[in-house]
Amino acid sequence: IEEFLMCANEILGGSPARIVLVVGGPGSGKGLLSKRLEEECSVVHLSSGDLLRDEVRKGTPLGQEVAQIMQRGELVSSAIIVTLIRRRMRDHPGKRVLLDGFPRSLENAHDLMEICGKPELALHLSCDDTILMERILRRGKEGNRADDNVETALLRLRTYHKYHHTQMEWLREQGVPVVNLDCSGSPENVWHQLLAIGRLMRPAAQHSRSKDDLFSAAEDDDASGDRPMIL
Ligand code: ADP
């Protein structure tokens, strides 16, 4: 693992993208919402959980190490998850990236700032734990995820609550805009909440985009050259 982290640090450099965070408890629908945004709004979706599950599935040394931690519903080390995320982000320079499940701890959050700067937005999915629990157990019956069982789900919820408050505080301190979405209904319902905000904001967004265009045209005229890819 140490070797993996060291090599990765040497190989990975630079930072790619504009970041939108998708925050919410286990079973809140972060993945579903992110996938739909990816399909309909051509953003890139990176899920820290999926990246870890990929490693587990492939049976890499890293995967073997994190499988037990995930089964206990605990957080894997920030260094590992950050490395996996950076590795993927490098493939999408200049794209808007949705981060699902990251940051999850203050350490994650500091690492994120270091790699990508301040996120432009956070989508916060919230509802009661009982609903989350029901969903996880229903998904567990489909048998796709080893951590969708009662014991692990309870531990995941506990871990989530342990870090969630700090995470939201951090977003507030950083001045990251947070959009709260009620995820107790269907995925379709969550989607419509976002669409409603989009409809309301369209004229304002268009107005500010045309101002941005003017600004970037002026920048293009400027012969100063290299513009950073970040944000
Ligand atoms: P969920 O949010 O439904 O619990 P995820 O797929 O996001 O599911 O995460 C599954 C597991 O992967 C977590 O319980 C945790 O062990 C690990 N994990 C995911 N993201 C992180 C992260 N940012 N930092 C540390 N561990 C993580």
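Whatever order the structure lists them in is the order used to number ligands and atoms, beginning at 1. All values reported here derive from a predicted model rather than from experimental measurement.
Below 4.0 Å from some heavy atom of S48 lie the following atoms of ligand 1, by number and element: 19 (C), 20 (N), 21 (C), 23 (N). Those atoms of ligand 1 that come under 4.0 Å of a heavy atom in D147, given as number and element, are 10 (C). Distances below 4.0 Å separate heavy atoms of F102 from the following atoms of ligand 1: 23 (N). Close contacts between ligand 1 and G27 involve ligand atoms 3 (O) [criterion: under 4.0 Å to a heavy atom].
Note: no N/O pair closer than 3.5 Å links I69 and ligand 1 by distance alone. Geometrically, ligand 1 and D100 share no nitrogen or oxygen pair separated by less than 3.5 Å. The N/O atoms of G24, backbone and side chain alike, include none that comes under 3.5 Å of an N/O atom in ligand 1.
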### Message
If you apply the rule side-chain contact (heavy atoms from CB on, under 4.5 Å), what do you find for L62 with L84, and how did you get there?
### Response
CA-CA 10 Å; L62 186 75; L84 290 174; 4.0 Å; yes
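When hydrogens are left out, the protein atom nearest atom 26 (N) of ligand 1 is V76 N, 3.1 Å; that is the closest non-hydrogen contact. Here the protein heavy atom with the shortest distance to atom 11 (C) of ligand 1 is M70 CE, 3.8 Å. The closest protein non-hydrogen atom to atom 2 (O) of ligand 1 is K30 NZ, 2.7 Å. Protein heavy atom nearest atom 8 (O) of ligand 1, with residue, atom name and distance: R145 NH2, 3.1 Å.
No hydrogens or angles considered: a donor-acceptor pair under 3.5 Å links the side chains of H161 and D129.
In this comparison of L52, D111, D50, the heavy atom closest to atom 18 (N) of ligand 1 sits on L52. Ranked by closest heavy atom to atom 13 (C) of ligand 1, the top entry among R72, R135, R156, R104 is R104.
One N or O on the side chain of D182 and one on the backbone of S184 form a donor-acceptor pair closer than 3.5 Å.
Only the backbone of E74 comes within contact range of ligand 1, with a heavy atom under 4.0 Å; no side-chain atom does. Only the side chain of N108 comes within 4.0 Å of ligand 1, judged by heavy-atom distances.
Looking at every heavy atom in both residues, R53 comes nearest to S47 through NH2-OG, 4.4 Å.
Remark: of the listed residues L121, V22, L33, V22 is the sole one forming a side-chain contact (heavy atoms from CB on, under 4.5 Å) with L98.
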